[in-house]
Amino acid sequence: MRLPPQRSEATPLHRLNNASPADLRGALLACCGSRRWAESIAAHRPYPDIEALIAAADEASYDLTDEDLAEALTGESAAGAGPGGPLYGGRHIVITGPGALAAHTALRAAHAAYESRFGHAFVLCVDGVREEEALGHVLAAIRTRLGNEPEQERSVAAEELRRIARGRLLRLAREGTPPGPPRRPLRPAGPGASVPAPAGTTSPGRTPSPSVPD
């Protein structure tokens with residue numbers, strides 16, 4: 001009798017289900033800096049499939065208090081400290097052309113204005129945004145959200161954090177790709193060729209990672 005094919009036990013999801021508490025905590029906190037979020041997901045192991053894992057992540061995100069949100073936003077701010085400026089989910093764009101320096105300066109100024117108004121890092125999920133539209137998308141989002149009241153902006157930031165966290169967790173569970181910023185630029189830049197900008201959008205030649213529909 002022919003037996004059905006066996007599922008591999010070496011999948012990234014299997015490794016998450018069987019990781020040590022310390023390893024799992026580190027991986028989850030790299031997806032979202034809230035300890036409550038990480039502990040909630042860890043407490044419900046094992047997950048039978050990725051859909052169940054993502055559903056748990058979404059539920060944990062909706063349960064975050066203001067203090068949890070502040071903790072997660074602080075983590076995003078710390079993650080963004082680097083040559084490319086603040087990060088959007090740990091992914092970089094590359095601005096090219098004669099206006100690269102001006103564009104980079106505009107992004108830094110917009111981030112500074114946002115942080116001055118709201119007291120925390122600007123977060124934005126850009127999964128699925130076309131790379132040629134990324135810069136305009138980010139600048140438009142910052143300018144629009146600068147007009148929000150603080151309470152309204154907290155809700156917007158919480159939703160963006162939820163989407164960023166689920167995207168990171170999805171990549172971790174599907175591909176085993178550690179969340180967080182890359183160790184080096186995705187594409188070498190020659191003198192005057194490009195200026196790395198805040199991450200979170202796709203880099204040239206790289207397609208967005210797959211995601212579970214919201």
Side-chain angles (χ1 to χ4, degrees), residues 5-82 86-92 118-128 153-183 198-202 206 208-214:
Q6 298 297 309
R7 295 181 62 182
S8 169
E9 293 299 312
T11 64
L13 179 60
H14 177 80
R15 290 194 291 271
L16 280 177
N17 278 331
N18 291 277
S20 70
D23 287 345
L24 181 65
R25 177 184 174 87
L28 293 176
L29 286 175
C31 294
C32 176
S34 164
R35 287 171 292 179
R36 181 193 295 269
W37 184 90
E39 290 164 1
S40 176
I41 295 173
H44 291 88
R45 286 193 295 173
Y47 293 96
D49 50 43
I50 290 176
E51 288 72 19
L53 174 65
I54 296 303
D58 282 345
E59 183 176 355
S61 295
Y62 292 131
D63 288 342
L64 295 183
T65 65
D66 286 346
E67 291 75 17
D68 298 327
L69 178 61
E71 182 182 36
L73 287 169
T74 298
E76 292 299 312
S77 180
L87 299 173
Y88 311 133
R91 298 167 62 192
H92 287 275
F118 297 112
H120 59 75
F122 175 78
V123 291
L124 178 69
C125 179
V126 293
D127 289 347
E153 181 55 26
R154 275 195 295 273
S155 296
V156 175
E159 173 62 13
E160 294 299 326
L161 274 176
R162 180 190 71 83
R163 296 179 62 205
I164 289 170
R166 77 178 346 238
R168 289 171 175 166
L169 188 59
L170 184 64
R171 286 188 286 275
L172 184 64
R174 282 183 172 172
E175 306 165 10
T177 305
R183 294 179 181 274
T201 54
T202 54
R206 180 173 178 176
S209 298
S211 60
V212 174
D214 288 335

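Each residue takes its place number in the sequence, starting with 1. Side chains included, hydrogens not; waters and symmetry mates left out as well; all remaining heavy atoms used.
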task = First locate atom CG of Leu172, then atom CG of Leu16, and finally report the distance between them rounded to the nearest 0.5 Å.
result = 4.5 Å
ask   = What is the minimum heavy-atom distance between Ala38 and Leu29, and which atoms define it?
value = CB-CD2, 3.9 Å
query = Nearest 0.5 Å, what's the SG-CG distance between Cys31 and Leu161?
reply = 12.0 Å
inquiry  = Atom CZ of residue position Arg154 - does it have more than 12 heavy atoms of other residues, nucleotides or ligands inside 6.0 Å?
reply    = yes
key: Closest heavy-atom pair and its distance - Ala52, Pro48   = CB-CD, 3.8 Å
key: Atom pair CG (Leu170) and CG (Leu53), whose distance is rounded to the nearest 0.5 Å   = 8.5 Å
request  = With rounding to the nearest 0.5 Å, note down the distance linking SG in Cys125 to CD in Glu159.
outcome  = 9.0 Å
ask   = Step by step, would you call Arg36 with Glu39 a salt bridge (Lys or Arg N to Asp or Glu O under 4.0 Å)?
value = CA-CA 5 Å; Arg36 181 193 295 269; Glu39 290 164 1; over 6 Å; no
inquiry  = My understanding is that only residues two or more places apart in sequence, or in another chain, count here; which of them pass side chain to side chain donor-acceptor pair (under 3.5 Å) with Thr65?
reply    = Glu67, Asp68
message = Between Arg45 (side chain only) and Ala19 (backbone N and O only), is there a donor and an acceptor less than 3.5 Å apart?
response = yes
request  = Locate the shortest heavy-atom distance separating Ile50 from Arg174; write the atom from each residue and the value.
outcome  = CD1-CG, 3.3 Å
Spacing of Ile41 atom CD1 and Ser61 atom OG [to the nearest 0.5 Å] = 7.0 Å
query = Side chains of Leu169 and Leu28: closer than 4.5 Å at any heavy-atom pair?
reply = yes
key: Nearest heavy-atom neighbours spanning Ala57 and Trp37   = O-NE1, 3.2 Å
query = Salt bridge between Asp58 and Arg166, side-chain N to carboxylate O under 4.0 Å?
reply = yes
request  = Search all heavy atoms of Ala173 against all heavy atoms of Pro12 and return the closest pair with its distance.
outcome  = O-CB, 3.2 Å
message = On a heavy-atom basis, which atom in Gly33 and which in Glu71 lie closest, and how many Å separate them?
response = O-CG, 3.4 Å
key: From Phe122 atom CZ to Glu153 atom CD, the distance as rounded to the nearest 0.5 Å   = 7.5 Å
